[in-house]
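Shown next, in structure tokens, is the structure this report addresses.
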Protein chains: 2
Amino acid sequence: MVDIFKILANEHRLQILHWLKNPNNHFNAEDIEPEVTDYGVCMSVIQKKAGLSQSTISSYLTSMVNCGLLKSVREGQWTYYKRNEKRIQELASYIKDTL
Amino acid sequence: MVDIFKILANEHRLQILHWLKNPNNHFNAEDIEPEVTDYGVCMSVIQKKAGLSQSTISSYLTSMVNCGLLKSVREGQWTYYKRNEKRIQELASYIKDTL
DNA sequence: TCTATATATCTAATAATCTCGATACAAACA
DNA sequence: TGTTTGTATCGAGATTATTAGATATATAGA
């Protein structure tokens with residue numbers, strides 16, 4: 001559980017999580033088709049919006065997948081990321097009932 | 001919100017929050033009367049249980065008060081700490097609905 | 001095969017956090 | 001007033017996080 005909080009203890013990662021809640025509200029679907037799909041949003045699109053380096057975003061996203069907050073799918077040369085809503089609700093429940 | 005997650009991103013602080021959820025289950029009320037009261041639990045009792053230095057616990061508790069997770073009351077030479085349940089539930093709601 | 005694009009990994013510099021001991025302050029009490 | 005107990009603050013060394021650039025890998029297309 002500490003590991004999840006460590007991931008959330010960063011402005012940029014929180015933002016990414018928020019953007020991915022409603023990708024169409026935060027990423028311009030017209031400009032970036034087909035990088036926003038049912039699979040999620042691909043790294044380069046997230047990276048451009050975040051304004052951090054590609055290596056930083058890559059390691060952020062990897063860590064978010066590792067702690068279960070995101071899921072990823074590799075499709076050709078792209079890796080798509082989406083939220084793991086189940087995990088996020090589990091976190092909310094944990095704080096509500098157990099923390 | 002990031003600041004709250006930073007506070008939670010530490011094993012010891014998480015433990016303290018958990019101990020204070022049910023102080024009587026975690027602190028021996030007989031040994032330490034009257035340090036566990038309606039006001040909460042005093043610092044020295046928390047410090048002894050945590051096994052970290054007094055200065056560390058003091059700054060942890062202060063930071064937890066500052067971010068709203070705990071409330072404190074000074075009574076004579078003691079400072080008592082208890083959870084801010086309202087704030088904790090707000091955090092759970094934020095994660096559930098907004099994050 | 002050569003090139004361009006997307007992603008992943010490695011290395012390193014800077015910044016922040018962790019944690020302690022020393023010390024200061026504050027209250028209780030002999 | 002001097003001493004003890006509880007708490008707060010300061011300064012510093014060790015550890016961890018942040019973040020970028022360089023480089024490697026993988027895929028798609030000319």
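We name chains A, B, ... by the order of the sequence lines, and we start the count at 1 in each one. None of the values given here were measured: they were computed from a predicted structure.
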Inset, instruction - Rounded to the nearest angstrom, tell me the gap between atom CG in B:Leu61 and atom C1' in C:dC18. - result: 15 Å
Inset, instruction - Provide the full list of salt bridge (charged side-chain N to carboxylate O under 4.0 Å, His left out) pairs with a residue in residues 72-85 of chain A, sequence neighbours left out, each pair given once. - result: A:Arg83-A:Glu85
Inset, instruction - List the steps and the verdict of side-chain contact (heavy atoms from CB on, under 4.5 Å) for A:Met43 and A:Gln54. - result: CA-CA 8 Å; A:Met43 217 203 58; A:Gln54 186 269 326; 3.3 Å; yes
Inset, instruction - Find the distance A:Met43:CE to C:dT5:P and express it as a whole number of Å. - result: 15 Å
Inset, instruction - Encode nucleotides 10-20 of chain D as B, S and - characters from 5' to 3', where the letter depends on protein heavy atoms closer than 4.0 Å: B to the base, S only to sugar-phosphate, - to neither. - result: -------SSBB
Legend entry - Spacing between B:Met64 atom CE and C:dC18 atom P, to the nearest angstrom: 12 Å
Inset, instruction - Could you check whether B:Thr79 gets within reach of a base, just the sugar-phosphate, or nothing at all, counting any heavy atom under 4.0 Å? - result: sugar-phosphate
Inset, instruction - Start with the C-alpha distance between A:His18 and A:Leu14, add both sets of side-chain angles, then the distance that settles side-chain contact (heavy atoms from CB on, under 4.5 Å), and finish with yes or no. - result: CA-CA 6 Å; A:His18 184 68; A:Leu14 270 189; over 6 Å; no
Inset, instruction - Nearest whole angstrom, please: distance from the P of C:dA16 to the CD of A:Glu11. - result: 13 Å
Legend entry - Atom-pair distance (CD on B:Gln47; P on C:dC18), nearest Å: 18 Å
Inset, instruction - Flag the pair A:Asn66 / A:Ile7 as yes when at least one side-chain heavy-atom distance between them is below 4.5 Å, and no otherwise. - result: no
Inset, instruction - For side-chain contact (heavy atoms from CB on, under 4.5 Å), just list the numbers for A:Ile46 and A:Tyr60, CA-CA rounded to whole Å, side-chain angles, deciding distance to a tenth of an Å, and then say yes or no. - result: CA-CA 11 Å; A:Ile46 297 170; A:Tyr60 279 7; over 6 Å; no
Inset, instruction - For C:dT5, take OP1 and OP2 only and decide whether either is under 4.0 Å from a side-chain N or O of A:Ser44. - result: no
Legend entry - Global bending angle along the helix from C:dT1-D:dA30 to C:dA30-D:dT1, which compares the axes of five pairs at either end, to 10 degrees: 10°
Inset, instruction - Quick one: sort the A:Trp19 and A:Phe27 rings into parallel, tilted or perpendicular, breaks at 30° and 60°. - result: perpendicular
Inset, instruction - List the protein contact pattern of nucleotides 24-30 of chain D with one symbol per nucleotide (5' to 3'): B for base contact, S for sugar-phosphate-only contact, - for none; contact means a heavy-atom distance under 4.0 Å. - result: ---BS--
Inset, instruction - In whole angstrom, give the distance that lies between atom CG of B:Leu14 and atom P of C:dC18. - result: 11 Å
Inset, instruction - Kindly check if the number of other-residue, nucleotide or ligand heavy atoms within 6.0 Å of NZ (A:Lys96) is above 12? - result: no
Legend entry - Partners passing side-chain contact (heavy atoms from CB on, under 4.5 Å) against B:Val73 (at least two apart in sequence or in another chain): B:Tyr39
Inset, instruction - List for me each residue that meets ring pair (Phe, Tyr, Trp, His ring centres under 6.0 Å) alongside B:His12, sequence neighbours excluded, and say none if there are none. - result: none
